[in-house]
Amino acid sequence: MNTTIEVATRIKAAIETAERTPTWVGRKAAIALTTLNRKLDGGADFTVGEVHRIAVALRVPTASLLPDDFFEQAVA
């Protein structure tokens, strides 16, 4: 799975687990709904800042929304 899709999949799962909607998340994370939906569909990458704001809105660790190999690559 590529990074774009994996991050989007993790964010969608977190939204569902938190029982929130993309509209709510977009508003809380200051991301336009059209932009958020495009990124959730894998049409563009999330920035690290966006991932962090989404994590804060959903009250989950930012790292939980990033692929495991993200951290392996950062150490190398």
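The residues of the chain are indexed from 1 along the displayed sequence. The model shown is predicted, which means the values in this text are computed figures rather than measured ones. No hydrogens, no waters, no symmetry mates; every other heavy atom, side chains included, goes into these values.
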- Message: Taking side chain to side chain donor-acceptor pair (under 3.5 Å) as the definition, give me every residue that meets it alongside Asp41, ordered by chain and number, with sequence neighbours left out.
- Response: none

- Query: Should Leu65 and Ile54 count as side-chain neighbours, where that means a heavy-atom distance under 4.5 Å?
  - Reply: yes

- Note: Arg10-Glu6 ion pair, threshold 4.0 Å (strictly below): yes

- Item | Lys28 atom NZ, over 12 foreign heavy atoms within 6.0 Å | no

- Item | Point-to-point distance, once rounded to the nearest 0.5 Å, from CD of Glu16 to CD1 of Ile11 | 14.0 Å

- Message: As a quick check of understanding, evaluate side-chain contact (heavy atoms from CB on, under 4.5 Å) for Val7 and Asp45, giving each step before the final call.
- Response: CA-CA 8 Å; Val7 171; Asp45 289 327; over 6 Å; no

- Taken to the nearest 0.5 Å, the spacing of Arg53 CZ from Thr47 OG1 works out to 6.0 Å

- Query: In this structure, which one of Thr4, Thr35, Leu36, Thr3 forms a side-chain contact (heavy atoms from CB on, under 4.5 Å) with Phe46?
  - Reply: Leu36

- Message: Once rounded to the nearest 0.5 Å, what's the spacing between atom CD of Glu50 and atom CD1 of Ile31?
- Response: 4.5 Å

- Message: Tell me the closest heavy-atom pair linking Asn37 and Pro22, and the distance in Å.
- Response: OD1-CB, 3.9 Å

- Closest approach of Ala18 and Leu58, non-hydrogen atoms and distance? CB-CD2, 3.8 Å

- Task: Please lay out, stage by stage, how Leu40 and Ile15 fare under the test side-chain contact (heavy atoms from CB on, under 4.5 Å).
- Result: CA-CA 11 Å; Leu40 289 173; Ile15 291 170; 4.3 Å; yes

- Message: When you measure from the side chain of Thr9 to the backbone of Ile5, do you find a donor-acceptor pair of N or O atoms at a distance under 3.5 Å?
- Response: yes

- Atom OG1 in Thr34, atom NZ in Lys39: separation rounded to 0.5 Å? 10.5 Å

